Protein chains: 2
Amino acid sequence: MAKRLVDSLREAGYRLTAPRLAIIKVLEAETGHLSPAEVLEKGRAFYPALSRATVYRTLDLLTKLGLLRPIYLGEGNLCFIYPREGHHHLICSKCGMVVDFDECIAAPLGQALSERFGFRIESHLLEFYGLCENCQKDEQKQAGGD
Amino acid sequence: MAKRLVDSLREAGYRLTAPRLAIIKVLEAETGHLSPAEVLEKGRAFYPALSRATVYRTLDLLTKLGLLRPIYLGEGNLCFIYPREGHHHLICSKCGMVVDFDECIAAPLGQALSERFGFRIESHLLEFYGLCENCQKDEQKQAGGD
DNA sequence: TTATAATTGAGACAGAATCTCAATATTAAA
DNA sequence: TTTAATATTGAGATTCTGTCTCAATTATAA
């Protein structure tokens, strides 16, 4: 299971290099969301000469292989996640707070779509947008006082 | 229905300006996904002096009001969509092709999450990632010939 | 019509992402 | 184990994205 990224890279015919391994270690150690800048910074703990270009190239490559998922969590933050079982989000569209949750009910729909469009579906993402408890309260205060 | 964005802006106490109207026209005319750069370019057809800063400000504002949804479709493209009923995606992680579809089965789950986390859910996003038909074929060719 | 305050555009700025190319390292085959 | 072919890399230049400031403009309510 910790081998998934490495194995998939090799199976797809790509070389296994020290910079790529460093990036993969970072991705597998992190359970949440990582921006390219974070991957670069943490990756340098494993391979100090790691360059920004390589981080972007590797993130793109893993995404194209379906091993990583780009995701935009608002507030100018592009992140990548290494998808495990049902990793999904509840996002406050006002303050940007993110809550993770696990349940997912999308698998049967995925099956149907797969047949209709000829896609081979590898993963999915489910996100709910709304207002968190705090921002709802703020809203009420504003409505009353202002 | 074409009035939704304009009305919501006014109801929330924001002014209705020519630059904002131009941006809203662009959003409502487009059924797909728009990057800020595209909004700027197309918006200038309606209001030539439109500035980049205003595009970002307005996109942020509409997002904070829950009227727009930021979404990242891979390949470095942050986009915004004006959510209609169940506007969801099937994304090819290799070539980036996007297929839209409508069915959605997330509403009951949203209800449950709403109660558990105290969120007021306003919209949601469901995306499936995988390989489109063409990229699956390419993959087979490569496996065979190379 | 006017006063007020929200909103704007321009351009400076910071940071993110991309590109190029010579140098390096992985891999498969000898 | 050595070698040759070539995928991959880092550095830095470059371009693009998104943010910020501030004086000028404009929508709005009175």
Side-chain angles (χ1 to χ4, degrees), chain A residues 5-26 33-65 68 70-80 96 142 146, chain B residues 5-26 33-65 68 70-80 96 142 146:
Chain A
L5 292 178
V6 167
D7 291 344
S8 309
L9 257 193
R10 304 211 58 158
E11 276 162 28
Y14 294 94
R15 291 186 180 175
L16 215 54
T17 65
R20 283 180 180 163
L21 279 172
I23 292 167
I24 286 173
K25 274 194 204 170
V26 172
H33 334 97
L34 286 163
S35 68
E38 284 167 341
V39 173
L40 176 60
E41 191 196 324
K42 295 185 190 218
R44 283 184 167 160
F46 299 113
Y47 185 79
L50 186 61
S51 86
R52 192 148 39 106
T54 298
V55 169
Y56 282 101
R57 287 189 280 233
T58 304
L59 255 19
D60 276 359
L61 177 59
L62 294 173
T63 300
K64 279 197 172 32
L65 292 175
L68 226 52
I71 165 177
Y72 186 80
L73 296 176
E75 301 295 316
N77 300 316
L78 162 63
C79 293
F80 288 81
Q142 282 181 12
D146 186 282
Chain B
L5 292 178
V6 167
D7 290 345
S8 308
L9 257 192
R10 304 210 59 155
E11 277 161 28
Y14 293 94
R15 292 187 179 173
L16 216 52
T17 65
R20 282 179 180 164
L21 278 173
I23 291 166
I24 286 173
K25 274 194 204 170
V26 172
H33 334 95
L34 287 163
S35 68
E38 284 168 340
V39 173
L40 176 59
E41 191 196 324
K42 295 183 191 219
R44 283 185 167 158
F46 299 112
Y47 185 79
L50 186 61
S51 85
R52 193 149 42 107
T54 298
V55 168
Y56 281 101
R57 286 189 280 234
T58 304
L59 255 20
D60 276 358
L61 177 59
L62 294 173
T63 300
K64 278 197 171 34
L65 292 175
L68 227 51
I71 165 177
Y72 187 81
L73 296 176
E75 299 293 315
N77 301 315
L78 163 63
C79 293
F80 288 81
Q142 281 180 12
D146 188 282

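Letters A, B, ... are given to chains in the order of the sequence lines, protein chains preceding strands, and every chain is numbered from 1. Remember, it's a predicted structure, so these values are computed and weren't measured experimentally.
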Supply the atom-to-atom distance [X] [atom1] to [Y] [atom2], rounded to the nearest 0.5 angstrom.
X: Leu5(A); Y: Leu9(A); atom1: CG; atom2: CG; answer: 7.5 Å
X: Leu59(B); Y: Thr54(B); atom1: CG; atom2: OG1; answer: 11.0 Å
X: Leu40(A); Y: Thr58(A); atom1: CG; atom2: OG1; answer: 11.0 Å

Separation of [N] [atom2] from [X] [atom1] (nearest whole Å):
X: Glu38(A); N: dG15(C); atom1: CD; atom2: C1'; value: 15 Å
X: Arg20(A); N: dT24(C); atom1: CZ; atom2: P; value: 19 Å
X: Leu40(A); N: dG10(D); atom1: CG; atom2: C1'; value: 12 Å
X: Asp60(B); N: dT7(C); atom1: CG; atom2: C1'; value: 15 Å

Show every donor-acceptor pair shorter than 3.5 Å between a side-chain atom in residues 14-25 of chain B and any protein atom, with sequence neighbours excluded, or say none if there are none.
unit_1	atom_1	unit_2	atom_2	d
Thr17(B)	OG1	Arg20(B)	N	3.3
Arg20(B)	NH1	Arg15(B)	O	2.7

Could you run through nucleotides 24-30 of chain D and give me one letter per nucleotide, 5' to 3': B if any protein heavy atom sits under 4.0 Å from the base, S if only the sugar-phosphate is that close, - if neither?
--BBS--

Who pairs with Ala53(A) by side chain to side chain contact (heavy atoms under 4.5 Å, CB included), at least two apart in sequence or on another chain?
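Per chain and number, Ala53(A) pairs via side chain to side chain contact (heavy atoms under 4.5 Å, CB included) with Ser51(A), Arg57(A).
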
Which ones in residues 51-58 of chain B lie close to DNA chain D, meaning a heavy atom under 4.0 Å from one of its atoms?
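Of all residues in residues 51-58 of chain B, the ones placing a heavy atom under 4.0 Å from DNA chain D are Arg52(B), Ala53(B), Tyr56(B), Arg57(B).
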
Would you indicate which nucleotide in dG10(D), dT18(C), dG18(D) comes nearest to any side-chain atom of Leu50(A)?
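So the side chain of Leu50(A) is nearest to dG10(D).
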
For Ala12(B) versus Leu65(B), what's the shortest heavy-atom pair and its separation?
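Closest approach of Ala12(B) to Leu65(B): CB-CD2, 3.9 Å.
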
For Gly13(A) and Ala37(B), take the nucleotide of DNA chain D holding the closest heavy atom to each; which residue's nucleotide lies nearer the 5' end?
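The answer here is Gly13(A).
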
